[in-house]
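Just below is one structure, and these are the notes that go with it.
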Amino acid sequence: PGPILDRRVVCPGTATAYPCKRLNGPMFDHLDGNDVTWHALVPAKVLHHSKTRLGREGLAAAFLADTVSALIESAQVSHVTVITQDLQLATLVSELGAAVIAEPEPADLLGALRVGIESVSNSHGILVALGDLPCLKPTDIDSFLFQAMNYDSSFACDTEGTGSTMWARLPGSPATPHFGTRSRAAHRENGCIELSCSPALHRDVDTETDLWDALRIGVGPATTRALAAQALISATIAGVNPVEAVDESGNIQSYSDFA
């Protein structure tokens, strides 16, 4: 059958009906995952503008490293590109194996993504991931993309339920991402399909509470190293034994190399 248009759907947990532009799109084509070449884009702020609410600028690079590493290791992702103006971050992700696009001028998140999207071949599927997903694993991404192959565009919301952490569109789709304030509602309103994902994929980190929850889920190696280093510095400043101190998760951590 042809596309079903002009219908309205009520999103779970809301009383609002949003227009659904296409209810029976590519999901009826039974796409094979091997037929889609996925190109992942990750926007990254300049470090001194990153994680100001968290108060730990040094963690932003670690979050990005774990996010990019998971994308590179995903069986479904063929290309990973980071869009940033920060030379330090550009060097970091290049060493991990990602490509880098330098923003021509300061831009907001959507502006950076427009630059990235314009660089991707129309024959490739596009995956956008925020750079603060330290719990992300390759299998989380694979599962998301397996579902995303059924829709023109799709997304995952954040843990709080108001924002978004990941977005995808199929090759040839004209859909655009809507990250920003209340992006979950914006994505739904523009016909983007919300996918069920792992807690790790929903968990972006902006505050100390977010970080605690990320530690509960399990963070990647770069974030683990960064937190251990910060715990060691904090213990030394506090005048306690830096060889054995309480780490960020509240456990006693030994630092034998320091001794």
Is there a path of hydrophobic side-chain contacts, each under 4.5 Å between heavy atoms, that joins [X] and [Y]?
| X | Y | answer |
| --- | --- | --- |
| Leu71 | Leu96 | yes |
| Met166 | Ile217 | no |
| Leu87 | Val68 | no |

Can you tell me how far the [atom1] atom of [X] sits from the [atom2] atom of [Y], to the nearest 0.5 Å?
| X | Y | atom1 | atom2 | answer |
| --- | --- | --- | --- | --- |
| Ser198 | Phe144 | OG | CZ | 10.5 Å |
| Leu201 | Ile141 | CG | CD1 | 7.5 Å |
| His187 | Ser153 | NE2 | OG | 8.0 Å |

Side-chain donor/acceptor of [X] to backbone N/O of [Y], under 3.5 Å:
| X | Y | answer |
| --- | --- | --- |
| Thr84 | Ala44 | yes |
| Ser69 | Ala65 | yes |
| Thr162 | Arg182 | no |
| Asp140 | Leu136 | no |
| Thr207 | Asp210 | yes |
| Asp158 | Gly163 | yes |

Closest approach of [X] and [Y], non-hydrogen atoms and distance?
| X | Y | result |
| --- | --- | --- |
| Trp38 | Ala148 | CH2-CB, 4.3 Å |
| Leu145 | Gln76 | CD1-CB, 3.6 Å |
| Ala186 | His178 | CB-CB, 3.8 Å |
| Ile72 | Gly97 | CD1-C, 3.9 Å |
| Asp108 | Arg114 | OD1-NH2, 4.5 Å |
| Cys135 | Ala200 | O-CB, 3.4 Å |

N/O donor to acceptor pairs below 3.5 angstrom from side-chain atoms of residues 168-177, sequence neighbours left out:
residue: Arg169; atom: NE; partner: Ser173; partner atom: O; Å: 3.2
residue: Arg169; atom: NH1; partner: Ser173; partner atom: O; Å: 3.4
residue: Arg169; atom: NH1; partner: Ala175; partner atom: O; Å: 2.7
residue: Ser173; atom: OG; partner: Ala175; partner atom: N; Å: 3.2

| message | Running the 4.5 Å side-chain criterion over Ile, Leu, Val, Met, Phe, Trp and Tyr, what cluster does Leu113 land in, apart from itself? | response |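 Other cluster members: Leu41, Ile83, Ile101, Leu109, Leu110, Val115, Ile117, Val120, Ile126, Val128, Leu130, Phe155, Trp167, Phe179.
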| query | Which residues pass the side chain to side chain contact (heavy atoms under 4.5 Å, CB included) test with Pro221, sequence neighbours left out? | reply |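 Checked Pro221 against side chain to side chain contact (heavy atoms under 4.5 Å, CB included); matches are Asp66, Arg225.
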| field | Gln88: partners by side chain to side chain contact (heavy atoms under 4.5 Å, CB included), with sequence neighbours left out | value |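 Applying side chain to side chain contact (heavy atoms under 4.5 Å, CB included) to Gln88 gives Leu47, Asp86.
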| said: Run Leu59 and Leu211 through side-chain contact (heavy atoms from CB on, under 4.5 Å) and show every step you take. | reply: CA-CA 10 Å; Leu59 289 181; Leu211 180 58; 4.1 Å; yes
| Residues Lys45, Leu89; criterion side-chain contact (heavy atoms from CB on, under 4.5 Å); working and verdict | CA-CA 9 Å; Lys45 291 182 181 179; Leu89 292 181; over 6 Å; no
| If we ignore angles and hydrogens, is there a donor and acceptor under 3.5 Å between the side chains of Asp142 and Ser74? |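 A donor-acceptor contact under 3.5 Å links the two side chains.
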| Do the side chains of Val77 and Leu127 get nearer than 4.5 Å, heavy atoms only? |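 They are in contact (side-chain heavy atoms under 4.5 Å apart), so the answer is yes.
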| With Glu194, which residues qualify under side chain to side chain donor-acceptor pair (under 3.5 Å), at least two apart? |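 Checked Glu194 against side chain to side chain donor-acceptor pair (under 3.5 Å); matches are Arg184, Arg188.
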| query | Which residue pairs pass the ring pair (Phe, Tyr, Trp, His ring centres under 6.0 Å) test with at least one member in residues 72-95, sequence neighbours excluded? | reply |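 Only His39-His79, His79-His124 qualify under ring pair (Phe, Tyr, Trp, His ring centres under 6.0 Å).
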